[in-house]
Amino acid sequence: MIVRQEIRALLEQPPIGEEVTVMGWVRAWRGNRFMVLNDGSGPETLQVVVDGDRFGEETLRAIGFHACVGVTGTLTESQGSGQSVEVIATDITIFGGNDLSKYPLQPKKQSMEFLRENAQFRMRTSTFSSVFRVRHGVAYAVNKYFHDRGYYYLHTPIITGNDAEGAGEMFRVSVLDPVNPPKTEAGTIDYDQDFFGKPTNLTVSGQLQAEIGALALGKVYTFGPTFRAENSNTSRHLAEFWMIEPEIAFADLENDMDLAEDFVKYLINYCLENYGGDLEFLDARIREVEKNMKAADRRPMGLVDTLKFVVENDFARVTYTEALDILLRSKAYKKGKFEFPLSWGADLQAEHERYLVEKHFERPVIVRDYPKDIKAFYMRQNDDGKTVAAMDVLFPYIGEVIGGSQREEREDKLRQRMQEMNVHADELDWYLQLRTFGGCPHAGFGLGFERIVQFITGMGNIRDVIPFPRAPRLAQF
RNA sequence: GCCUCAGUAGCUCAGUUGGUUAGAGCGGCGGACUGUUAAUCCGUAGGUCAAAGGUUCGAGCCCUUUCUGAGGCGCCA
């Protein structure tokens, strides 16, 4: 059996003078004497002092960048200034040597793009190991938040038979021969012969099914992979991403917004409390990157300060109509700084959202009550006949992080809207029945998991906060 | 999908109005080094200048097409 101590635990309560055994990957090997080890348990490294006389030439030669080693030795106070404690090695095991003439990574700053192409090794870097520890922390906090508040985790299907969800282009799922699929007499593809006997796709949202759960269990949430076949080439879109979708019965848009704000703040706060070391490291990394940037391109606040600010301040809340008014009265608009026109009924463009968040309110903003024609069929119609009870939560840097709404629980209104928007009622009979039989006011939202991880870690590209990104023309690993 | 910029050594990049044999730092390899902190010092190897085609006496540099990447926009979470 292998027995070892984890570096993170060791540094929390250093047993000075005792013998310890640590195992990990070499981050640096200096002066043929100092080995810096990290084992992934945290961002902290442990310095190992290697007396060349005690170990053979073969062992010394095998120690190198990202080699995997085990060390037994005495934990002592460090003579050097860069660390408080260190291990004086008495025994060294080389688990995996590393041929540096062939290894792609180097002990220096590497570009995010290069590391993305070497995803089999990128988690060994300090940046990515911190990112993925924080990602885990956010995922755990999601489940903890809902569990502690009486929500039930509902697993909605990944393969779906609805093509009426209207949330974007879908990936087809089929086992038919792609070259010569069976045809009907009319000449179309005969999906009756496909695995499910009908066309099926990967899910773009678990919301419609989550509503089934909410109208029985009261409060549910989904947290699973979601797929969009959009040809989106941006730093905040993925073809495969994880989405969190709470759905609650006996709730209106006010309840929905309160939940969204409280939930997001909880996730951020959880990371501040439990992953402070990783966040400090990422904060310092961003400052380093921004050193060479123009002042205007730098963040107004550091990463940790930004996170604290978001947690400590109320989100701004405005209606779509009020937001439009703010934009129309803005200096940016009057000086013609906006590329896209502003008119009631048109969706807010990224430049408008960024103005509201980064210039006007300087904090996260919730925009509610959007024009009904730019929103989905299932959103509850407001009494003004023009707007729906929808809300978007907008964040600095990443834009929309949450989209949600109160759902239309009135069957006649829902049917009328489906007809207007050309959504086929016969395919969503089960969804309509939730209104016919024992319906109630209910609401929910979708939170883009990678987007909130992106915000918390400060990573510029969403592809760098998911271990194996899927995007147009990108399905490696 | 659209717009802009980029692709030169393993990595990050320089390369002048088109002109001889393609440059640096880091990394690698060889050596020195018993308190280093991106260790340092000496030496050394390493190139289909993204690909194809074109202009020219001559192309890393100019033109065309394709591929790849980044940033922005759209779609959205």
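Chain identifiers are assigned alphabetically (A, B, ...) following the order of the sequence lines, protein sequences preceding nucleic acid strands; residue numbering begins at 1 within each chain.
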**Q.** Residues Glu254(A), Arg368(A); criterion salt bridge (Lys or Arg N to Asp or Glu O under 4.0 Å); working and verdict
**A.** CA-CA 10 Å; Glu254(A) 293 286 338; Arg368(A) 60 178 289 183; 2.8 Å; yes
Q.
Please give me every residue in residues 115-137 of chain A whose heavy atoms get under 4.0 Å of an atom in RNA chain B, ordered by residue number.
A. Arg116(A)
Q. Taking the same atom, P, in U20(B) and in G58(B), what whole-Å distance lies between them?
A. 15 Å
Q. Among all residues two or more places apart in sequence or in another chain, which pass the side chain to side chain contact (heavy atoms under 4.5 Å, CB included) test with Leu328(A)?
A. Leu324(A), Tyr333(A), Leu342(A)
**Q.** Minimum-distance nucleotide (side-chain atoms of Arg236(A) versus A77(B), C75(B), U37(B))
**A.** C75(B)
Q. With a 6.0 Å cut-off on ring centres, are Trp25(A) and Phe65(A) close enough?
A. no
**Q.** Separation between the P atoms of G27(B) and U37(B), rounded to whole Å
**A.** 13 Å
Q) Are Arg236(A) and Tyr397(A) in a cation-pi contact, defined as NZ or CZ under 6.0 Å from the six-membered ring centre and within 45° of the axis? A) no
Q: Would you mind classifying the nucleic acid contact of Ile402(A) as base, sugar-phosphate or nothing, using non-hydrogen atoms under 4.0 angstrom?
A: sugar-phosphate
Q: Write down the atom of Ala62(A), the atom of Ala67(A), and the distance for their closest heavy-atom approach.
A: O-CB, 3.7 Å
Q | Whole-Å distance separating the CZ atom of Arg354(A) from the P atom of G71(B) | A | 13 Å
Q. So what's A70(B) paired with, Watson-Crick or G-U wobble, going by both distances under 3.5 Å?
A. U4(B)
Q) Does the cation-pi check pass for Arg149(A) over Tyr145(A), that is, NZ or CZ under 6.0 Å from the six-membered ring centre and within 45° of its axis? A) yes
Q) Is there a side-chain contact between Pro364(A) and Leu394(A) (heavy atoms, below 4.5 Å)? A) no
**Q.** Rounded interatomic separation in angstrom, taking CG from Leu447(A) and P from C76(B)
**A.** 17 Å
Q: Could you list all the ring-ring contact (aromatic ring centres under 6.0 Å, His included) pairs where at least one residue sits in residues 219-239 of chain A, not counting sequence neighbours?
A: Phe146(A)-Tyr221(A), Tyr153(A)-Tyr221(A), Phe223(A)-Trp242(A), Phe223(A)-Phe449(A)
Q. Counting only Watson-Crick or G-U wobble pairs whose two distances fall under 3.5 Å, which nucleotide matches U64(B)?
A. A52(B)
Q) Between the base of C75(B) and the side chain of Ser232(A), is there a donor-acceptor distance below 3.5 Å? A) yes
Q) Using the P atom in both, what is the distance from A45(B) to U40(B), to the nearest Å? A) 22 Å
Q.
Any heavy-atom pair between the side chains of Pro246(A) and Phe445(A) that's under 4.5 Å?
A. yes
Q) To the nearest Å, how far apart are Lys102(A) NZ and G28(B) P? A) 15 Å
Q | Phe34(A) over G35(B), stacked by centroid distance under 5.5 Å, angle under 30° | A | no
Q) Is it true that Glu450(A) and Arg135(A) have a side-chain N and a carboxylate O under 4.0 angstrom from each other? A) yes
Q: Let me know the distance between CD of Glu169(A) and P of C75(B), rounded to the nearest Å.
A: 14 Å
Q: State whether the side chain of Asn38(A) and the backbone N or O of Gly42(A) hold a donor-acceptor pair below 3.5 Å, judged by distance alone.
A: yes
Q.
Applying side chain to side chain donor-acceptor pair (under 3.5 Å) as the test, list every pair that has at least one member in residues 118-128 of chain A; sequence neighbours left out.
A. Tyr103(A)-Arg124(A), Arg122(A)-Asp464(A)
**Q.** Set of ring-ring contact (aromatic ring centres under 6.0 Å, His included) partners for Phe338(A), sequence neighbours left out
**A.** His352(A), Tyr355(A)
**Q.** Assigned partner base of A9(B), Watson-Crick or wobble definition, under 3.5 Å
**A.** none
Q: With heavy atoms under 4.0 Å as the rule, sort Gln349(A) into base, sugar-phosphate or nothing.
A: sugar-phosphate
**Q.** Sugar-phosphate, base or nothing in reach of Phe445(A), heavy atoms under 4.0 Å
**A.** nothing
Q. Would you say A39(B) has OP1 or OP2 under 4.0 Å from some side-chain N or O of Arg30(A)?
A. yes
Q | Distance, rounded to the nearest Å, where Asn32(A) contributes CG and U37(B) contributes P | A | 15 Å
Q | Residue pair Thr160(A) / Thr200(A), side-chain heavy-atom distance below 4.5 Å | A | no
Could you list all N or O pairs between the protein and nucleotides 46-52 of chain B that sit under 3.5 Å apart?
none

Q: Describe the nucleic acid contact of Gly80(A) in one word from base, sugar-phosphate, nothing, applying a heavy-atom distance below 4.0 Å.
A: base
Q) Which residues pass the salt bridge (Lys or Arg N to Asp or Glu O under 4.0 Å) test with Glu245(A), sequence neighbours left out? A) none
List every contact pair, protein side and nucleotides 10-13 of chain B side both N or O, where the distance is under 3.5 Å.
unit_1	atom_1	unit_2	atom_2	d
G10(B)	N2	Gln106(A)	OE1	2.9
G10(B)	N2	Gln106(A)	NE2	2.7
G10(B)	N3	Gln106(A)	NE2	3.0
C11(B)	O2'	Gln110(A)	NE2	3.1
C11(B)	O2	Lys108(A)	NZ	2.6
U12(B)	OP1	Ser111(A)	OG	3.0

(Q) Does anything in residues 386-400 of chain A come within less than 4.0 Å of RNA chain B? Heavy atoms only, and list the residues if so. (A) Glu400(A)
Q) Considering only heavy atoms, which members of residues 450-463 of chain A lie under 4.0 Å from some atom of RNA chain B? A) Arg451(A), Asn461(A), Arg463(A)
(Q) Any donor-acceptor pair, under 3.5 Å, between the side chain of Gln83(A) and the base of U36(B), if you only look at N and O atoms? (A) yes
Q. Does the side chain of Pro157(A) come within less than 4.5 Å of Gln209(A)'s, by heavy atoms?
A. yes
Q: State which residues pass salt bridge (Lys or Arg N to Asp or Glu O under 4.0 Å) with Lys144(A); sequence neighbours excluded, sorted by chain then number.
A: Asp148(A)
Q. For G19(B), which nucleotide in any strand shown is its Watson-Crick or wobble partner with both distances under 3.5 Å?
A. C57(B)
Q.
Expressed as a whole number of angstroms, how long is the span from Phe281(A):CZ to A38(B):P?
A. 12 Å
Q: Pick base, sugar-phosphate or nothing for Gln47(A), based on heavy-atom distances below 4.0 Å to the nucleic acid.
A: base
Q.
What's Ser235(A) touching, base or sugar-phosphate or nothing? Going by heavy atoms closer than 4.0 Å.
A. sugar-phosphate
Q) Once you round it to whole Å, what is the distance between P of G72(B) and NE2 of His237(A)? A) 12 Å
For nucleotides 5-9 of chain B, give me every protein contact, N/O to N/O, under 3.5 Å, one pair per line with atom names.
none

Q. In whole angstrom, what separates Asp53(A)'s CG from G35(B)'s C1'?
A. 15 Å
